[in-house]
Number of protein chains: 2
Amino acid sequence: MEQITIKEVAKLCGVGVSTVSRAINNHPDINPETKQKILDTIREYNYVPNNSARNLKRTDSNTIAVVIKEISNSYWGVMLHVLEREVRDRKYCLVLQNVADDEDEVELALQLEKEKKVKGIIFLGGMYNYDESRLRMLRVPYVISGSGKTVPEDTGTYPKSALVTTDTEIESQSMVDYLCSCGHKRIAFITSGDEGLGRCHLNGYKRSLEKNGLEYDEKLIIRLKPGKRIYTIENGYNCTCELLKSGVDFSCIYAISDTLAVGACRAVIDSGKRVPEDYCVAGADGQDIAEYYHPSITTLKYPRVEIALQSVRTLFDLINRKKVVKRQILGGTLIERESTRKL
Amino acid sequence: MEQITIKEVAKLCGVGVSTVSRAINNHPDINPETKQKILDTIREYNYVPNNSARNLKRTDSNTIAVVIKEISNSYWGVMLHVLEREVRDRKYCLVLQNVADDEDEVELALQLEKEKKVKGIIFLGGMYNYDESRLRMLRVPYVISGSGKTVPEDTGTYPKSALVTTDTEIESQSMVDYLCSCGHKRIAFITSGDEGLGRCHLNGYKRSLEKNGLEYDEKLIIRLKPGKRIYTIENGYNCTCELLKSGVDFSCIYAISDTLAVGACRAVIDSGKRVPEDYCVAGADGQDIAEYYHPSITTLKYPRVEIALQSVRTLFDLINRKKVVKRQILGGTLIERESTRKL
DNA sequence: TTGTAGGCGTTATCAC
DNA sequence: GTGATAACGCCTACAA
C-alpha cells in the first residue's frame, strides 16, 4: 500500500488538485456534490494530508507547543490536563516537547517554531538559566509558566512574552516562617542542588532564618544532585534516612516538593518515630498526595490550575495582540495539615 | 528579524545551496574550510533548518512517536522517562502525542506517520477498541505497550507490530485470589467503567470469585465513569466514602490503580476506621506511592520499566527487520504490604 | 465553479 | 568538491 497524495485523489475523482484542496479545507466555492464525492474517495482510499507539506506552505498552523522540563514529573499532571483542554476548546492542536535535564529548552523551542509553525509556546518548568539572546530569536509569542524569574523586555510593537508563576523564594520563605512560628529552631531542608529553582528555595529558607534570628547550619541542608528525576518519593525517603542516621539534631523537615515530603514521612515512620510528634514534615507544591497521605502533609499549595489557565489565556492574548500583564505572580496557599504541629 | 533560509546562507557564503546542505548534514564530500565557514555563518545568522521541508524530502527522520492515552496520568511517569532515555541513546528523537479520552489514537498515529515521517510508534495505554483496518494502514512498525489485548496478524514479509504488556485479566484475578485466600468474602471493587481495561479487570475479578466459590454482588462494584482523569486519588476517596456510607457490607476494597487505592485508604481512615484492621485495601499497578504510603499498600507491581524497555527494543527490532516476539506478556508481582491481612 | 502553474525550503542526483 | 536543478506534497493566485 503506497502513500496516496492529493494528486492521486484528484485523478481518482477526475478533478484538479485545487478542488480537492478546497474540499479538504472547507472552502466555500465548491460544488457540494463534487465535495461529497471527493470526501468519499478520501475516506475510501484513506488519504491523509501531509502536514509537513502543509506547514511549508501555510502561515498559520493553529498549533501550540508546550515545552516541558522533565515530563515524567507528576507535578505537571493537572497542568497538562488543563492546557490540553483549553487549547482544544480554542480549536488548536497541542504538541508536547519534553526537554531532558541536559537539553536546552530554548533551542528546542526554536526548532519547534520553524518546524511546526507553532502559533505560540508555553514553557513548563526550567527557564531559569536561559540564553536571553536566543530567547529573543523566538518570533512567536510565548509564556513562561510555573517557573522562572523574569521574561525579556519587549522590543517590538507588541508584547511577545509573559510570565505566569509563583514566587518560589517568597513561598519558601513563608513556609519556613510558619515552621519557625511553630517553635522549630532546627529545620532540615531538602532541596534541589541546581542553580535555578533550588537556589530560589534556598534563598527563601535563608532569608526566613535570618528574619527569625536563627542560625543557618549547612549540615541541615540536603541538596539533591541535579540529574534525572529529582522529585521522586524515593529520593525523599533515602536522604531522610541518611539524615536520621547522621545524628544531626533537628525537629522538622521541609522538602521543596510534596513527593519528597512523602518520602521523608515514610522514612521517619520506618525509623520508629512519629510524624508530627517526633518530627514535623512539610512539603511544597500542593499535589493531591499531600492531602491524602496519612498523616496529611502541610504544604504550600501552588495554584497550578490557575497558573495553567492564566498561561493559556495570556498566550492567546499575546497571539491576538492584546495587552497583557507581563509578570503574573500568583500566590500559593499555606495549608496546615497533620504532619506539623506547634512545639 | 526575518526567516533566514538555506538559500540566503548560501548567498552569504558565496556557495551553492547543496554545499550548505552538505555542511549541515555532515556529508563527507566537503572541504573542511568551506564547511567551517558555512557553520560560522549559520551560527552568526541563527539559521535553523526548516524541518517541515526536510521531512517533506527526507525518507527517514529518525524520530519515534509515543502516543499516550491521557498523558496526565502519573502512571506513565517512569515509562516516559525510560522511553526518552532509550530513544535518545539510539540517536533518535521522540515526539509525544497525547490522546484525549474522546480521541482516536490510531487516527492520530496515522497523522504522525505522514507528517513527521516517524520511523516507529509506541502506543501507551488505550488500544482496546481500535479499528483494525485503520491500524493496518500504518506502514511504520509499532508496539502496543502496557495495554491492549492483541495486535493484528502480519500480512507483509516482515512483522510490523508487537505487543508488550501485562495480562490485566489474569493479574486482577490473582489479586482477588489472594484476597480470597486472606479470608475475604465480600470484596468491593473499584474499576473503570469502560469496555477496555475496566472490562478486563472486571472479568478477572469475576473469574476469581467463581473459582473461589463466592457470590458476585453488583452492589460491591464501583464503576468510575469513563471521561477525563479517572485514576485520581480524589476519585478513589470519593467513591469509597460513598461506599462506606451506603451501608453495603464488605471487608476489603480492591482498586485497579494505586492512586485509587490511596484515596480508598484515606477514606477509610477519615471514617474513623483502620486499614487493615477494619478494612483491607489493595491496589494495582505498582506506583511508588503504594510502597511509601502509610500503611503501605498491597499491590500488583507491573513491570513498567521492563515493559518500556522491551517496547523500545522490540520497536527497534521491528525497524531493523529482525524477528520479534509478537506478544510479550510480562507478569506482575503481587506485593503484600501493610494494607492487607489475613482475617 | 474549476483547473493550471508556481512556489514554500530542503535534499538528492546529476553533471562539472 | 561543488553547483544547478528536479523533486517532495500541498496551497493559492490567476485564468478559464
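Below, chain A is the first sequence line, B the second, and so on; all start at residue 1.
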Closest-nucleotide mapping onto DNA chain D: is B:Ala53 or B:Arg22 further toward the 5' terminus? I mean the 5' end. B:Arg22
By nearest atom, which of the nucleotides C:dT10, D:dC10, C:dA5 is closest to the B:Pro49 side chain? C:dT10
For B:Lys7 and D:dA4, what is the distance between atoms NZ and C1' respectively, to the nearest whole Å? 12 Å
Nearest-nucleotide wise, let me know which of A:Ile30 and B:Val17 is further upstream toward the 5' end of DNA chain C. A:Ile30
Which residue lies toward the 5' end of DNA chain D, B:Thr19 or A:Asn25, if each is placed at its nearest nucleotide? B:Thr19
Distance in angstrom units between A:Asn50 CG and C:dC8 C1', rounded: 13 Å
Rounded to whole Å, the NZ-C1' distance (B:Lys35 to D:dT2) equals 15 Å
What is the distance, to the nearest angstrom, from the CD1 atom on B:Ile24 to the P atom on C:dT10? 7 Å
Let me know the distance between CD1 of B:Ile4 and P of C:dC8, rounded to the nearest Å. 15 Å
Spacing between B:Gln36 atom CD and D:dG1 atom C1', to the nearest angstrom: 17 Å
Touch class at under 4.0 angstrom, heavy-atom based, for A:Thr34 against every strand present: sugar-phosphate
No-hydrogen, no-angle side-chain donor-acceptor test under 3.5 Å, A:Arg229 and A:Ser72: yes
What is the nucleic acid contact for B:Asp29, judged by heavy atoms within less than 4.0 Å: base, sugar-phosphate only, or nothing? base
State, without any angle test, whether B:Asn129 and B:Glu195 hold a side-chain donor-acceptor pair at a distance under 3.5 Å. no
Look at all strands and tell whether A:Val15 reaches a base, only sugar-phosphate, or nothing, counting heavy atoms closer than 4.0 Å. sugar-phosphate
Does the separation of the ring centres of B:Phe316 and B:Tyr92 fall below 6.0 angstrom? yes
Given atom NE2 of A:His27 and atom C1' of C:dT2, what is their separation to the nearest angstrom? 14 Å
If you look at every strand shown and take non-hydrogen atoms under 4.0 Å, does A:Ser18 touch a base, only sugar-phosphate, or nothing? base
N/O donor-acceptor pair, side chain A:Ser21 with base D:dT12, under 3.5 angstrom: no
Do you know which two heavy atoms are closest between A:Thr19 and A:Ile30, and how far apart they sit? O-CD1, 3.6 Å
Starting at NZ of A:Lys11 and ending at P of D:dG9, how long is that distance when rounded to a whole Å? 13 Å
Check whether any side-chain N or O of B:Arg54 sits under 4.0 Å from OP1 or OP2 of C:dT11, and answer yes or no. yes
For D:dA7, does the base pair up with any side-chain atom of B:Lys57 as donor and acceptor (N or O, under 3.5 Å, distance only)? yes
Return yes if a side-chain donor-acceptor contact under 3.5 Å exists between A:Asn46 and B:Arg134, otherwise no. yes
